[in-house]
S.K.: 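Encoded as structure tokens, here's the structure I'll be asking about.
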Amino acid sequence: MTSNREMIERDLKAVWHPCTQMKDHETLPLIPFKRGEGVWLYDFDGNRYIDAVSSWWVNLFGHANPRINEAINQQTQQLEHAMLAGFTHEPVIDLSERLIDVTPEGLNRCFYADNGSSAIEVALKMSYHYFRNTGKPEKKNFINISNSYHGETLGALALSDVGLYRETYEPLLMEMLTAPAPDAFYREKGESWEDYALRQFEHMEKLMAENADNVCAVIVEPLVQCAGHMRMYDPIYLKKLREACDRYNIHLIADETAVGFGRTGTLFACEQAGISPDFMCLSKGLTAGYLPLSITMTTDDVFEAFYDDFETMKAFLHSHSYTGNPIGCAVARATLDIFRDDNVIESNREKARIMGESVEHLREHPHVGDIRQHGMILAMELVKDKATMEPFPWQERRGLRVYQHSITREALLRPLGNVTYFMPPYVINEDQIRHLATVATEGIDKATRD
Ligand SMILES: *Cc1c(COP(=O)(O)O)cnc(C)c1O
């Protein structure tokens, strides 16, 4: 029988892992997975772990989900792939129609790519190109907010403000106009999330007013800055931003790559602000954690600015080899079926409530500075000093210690710096949520003891 050890040895000779200092694996063992089922992942030694972070925020309905497996089987027997330039197929048509129905009003066009970063690149290029096509080529800058994350390709990275990923490549990146985030973590004592978001919006408004002539789009992650340590904000900010974008003739790009498909408690986070963006980027949960697929959705207004005779050279000439892959689209269609048939958003409400309740006691913990939640995302931030909110030095890797404890207790609480979070597949049950809370409590105690 193959063991973890054997797999690790082979892996470390051949594979270069993403987002990893490979030398860490001299002391932190890789975990090789053999199979998955529901919320569980199983390694080669027979240990199992609750996938508390949905395998990097992609999995929605558990591993090896029979309904998604079936959708893949059926589609592979029909058509595995065909190019989407000049040709089309049923899964891509179905999926586009279905998404237009369930996304905020006005998003009537779907442009396909195969990962979140590429969906962002499409939105950037389309927004700039829209203004070029409509006689405003000077609108070519972008506004983002601090602590934002939009992916790793150079364009998407330029829009990101998470230093860890960005700093090294700074000389290669487009310049951004950055407004300070509405992140409720920094509100004053006694100040509400909403009041703080309104106060922070004044900086954004000023930046937009001063640069309106040269800015084509503002990009935000609606409600939760996931890679930016699961920092959260009030929906009022999005409402204000939508109004200002209209006032200054600037596009609003909603990056729902991570928060889309129910994570924040509604199918899309924008719904909580009652707004429609000009571009909405979708990936990750789009295929329930099965296949790489992404979509940039946009409006009739944007689409029409490109629609003209060929010689006018207004077309959007962008593509990826696997654009609109039929198997990916069939999986995404099955994902929407499950949301509808199982009333997922509704039943997640009770699960979200249990998640919140299960860690309530940690609010009293001397090193838990903040517990925040939007729907099915719950984050606990460790601090050195609760009175001043002074963080633990990042070099101490406290969050990692929580993780190291978790893997001895059948859970994968992979941290973001000093933040431990739950973002589980929606098939998690009450006992499993309570187990995660127990493991998090033990891990946080251990990680903050000295
Ligand atoms: C993950 C993520 C991306 C990038 O998606 P990839 O598929 O990893 O390229 C972009 N934006 C947000 C908000 C993300 O969380």
Side-chain angles (χ1 to χ4, degrees), residues 17-20 53-60 111-127 142-162 164-166 169 173-174 176 178 181-183 217-233 237-238 241 252-264 268-270 277 279-297 318 320-325 328 331-332 335 374-377 379 414-417 419 421 423:
H17 288 266
C19 205
T20 298
V53 300
S54 294
S55 289
W56 255 352
W57 325 336
V58 298
N59 192 290
L60 296 185
F111 190 97
Y112 285 78
D114 46 26
N115 63 78
S117 306
S118 296
I120 298 294
E121 302 280 345
V122 167
L124 294 184
K125 287 173 71 177
M126 266 188 189
S127 177
F142 298 91
I143 296 178
N144 65 356
I145 59 181
S146 57
N147 189 43
S148 55
Y149 179 85
H150 299 289
E152 302 290 348
T153 55
L154 290 177
L157 190 62
L159 293 168
S160 304
D161 184 52
V162 177
L164 183 64
Y165 308 119
R166 181 190 164 96
Y169 308 102
L173 304 177
M174 300 188 279
M176 284 300 127
T178 302
D183 178 357
V218 176
I219 184 165
V220 290
E221 295 154 273
L223 303 187
V224 187
Q225 298 185 301
C226 293
H229 297 134
M230 298 292 167
R231 291 293 180 79
M232 302 182 184
Y233 60 91
Y237 191 85
L238 297 172
L241 187 56
L252 174 57
I253 304 173
D255 180 0
E256 295 232 11
T257 303
V259 294
F261 298 96
R263 293 293 183 191
T264 66
F268 300 101
C270 282
F279 297 92
M280 186 155 93
C281 300
L282 301 174
S283 191
K284 294 201 166 111
L286 173 63
T287 57
Y290 265 68
L291 287 164
L293 184 76
S294 68
I295 306 183
T296 306
M297 295 187 68
H318 178 111
H320 299 282
S321 309
Y322 282 100
T323 290
N325 174 259
V331 167
T335 300
H374 261 310
M376 291 297 283
I377 308 174
R414 195 174 195 273
L416 286 160
V419 173
Y421 65 97
M423 190 162 164

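Atoms within a ligand are numbered from 1 in the order they appear, just like the ligands themselves. By convention here, the first residue in the shown sequence is residue 1.
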S.K.: Examine Ala258 against ligand 1 and note whether any of their N/O atoms are separated by less than 3.5 Å.
M.R.: no
S.K.: Walk me through whether His318 and Val122 qualify under side-chain contact (heavy atoms from CB on, under 4.5 Å).
M.R.: CA-CA 8 Å; His318 178 111; Val122 167; 3.4 Å; yes
S.K.: So, regarding Asp255 and ligand 1 (criterion: nitrogen or oxygen to nitrogen or oxygen, under 3.5 Å), is there a contact or not?
M.R.: yes
S.K.: Ser146 side chain to Thr178 main-chain N or O, any donor-acceptor pair under 3.5 Å?
M.R.: no
S.K.: Run the numbers for me: atoms of ligand 1, each under 4.0 Å from some heavy atom of Glu221, listed by number.
M.R.: 13 (C)
S.K.: Below 4.0 Å from any atom of ligand 1, is there a heavy atom belonging to Trp57?
M.R.: yes
S.K.: Taking the side chain from Thr264 and the backbone from Gly375, do they hold a donor-acceptor pair closer than 3.5 Å?
M.R.: no
S.K.: Considering the heavy atoms of Gly151, write down every atom of ligand 1 situated less than 4.0 Å from one of them.
M.R.: 4 (C), 10 (C)
S.K.: In terms of atom number and element, which parts of ligand 1 are under 4.0 angstrom from non-hydrogen atoms of His150?
M.R.: 10 (C), 11 (N)
S.K.: Hey, does the side chain of Ser283 reach the backbone of Asn115 with a donor-acceptor pair shorter than 3.5 angstrom?
M.R.: no
S.K.: Would Met232 and Leu223 satisfy side-chain contact (heavy atoms from CB on, under 4.5 Å), going step by step from the backbone distance to the final call?
M.R.: CA-CA 6 Å; Met232 302 182 184; Leu223 303 187; over 6 Å; no
S.K.: Would you mind listing which atoms of ligand 1 come within a distance below 4.0 Å of any non-hydrogen atom of Ser117?
M.R.: 4 (C), 5 (O), 6 (P), 9 (O)
S.K.: So if I count the atoms of ligand 1 from 1 in the order they appear, which ones are less than 4.0 Å from some heavy atom of Gly116?
M.R.: 4 (C), 5 (O), 6 (P), 7 (O), 9 (O)
S.K.: Looking only at atom types and distance, does a side-chain atom of Gln225 sit under 3.5 Å from a main-chain N or O of Tyr233, one as donor and one as acceptor?
M.R.: no
S.K.: Taking Arg263 for its side chain and Trp57 for its backbone only, find out whether a donor-acceptor pair lies under 3.5 Å.
M.R.: yes
S.K.: Is the contact between Cys226 and ligand 1 made by the side chain, the backbone, both, or neither, using heavy atoms and a 4.0 Å cut-off?
M.R.: neither
S.K.: Looking at Thr257, which atoms of ligand 1 are within less than 4.0 Å of one of its heavy atoms?
M.R.: 2 (C), 3 (C), 5 (O), 10 (C), 11 (N), 12 (C), 14 (C)
S.K.: Establish whether atom 6 (P) of ligand 1 and some protein heavy atom are separated by less than 4.0 angstrom.
M.R.: yes
S.K.: Hey, does Lys284 sit under 4.0 Å from ligand 1 if you only count heavy atoms?
M.R.: yes
S.K.: Taking the side chain from Glu121 and the backbone from Ala156, do they hold a donor-acceptor pair closer than 3.5 Å?
M.R.: yes
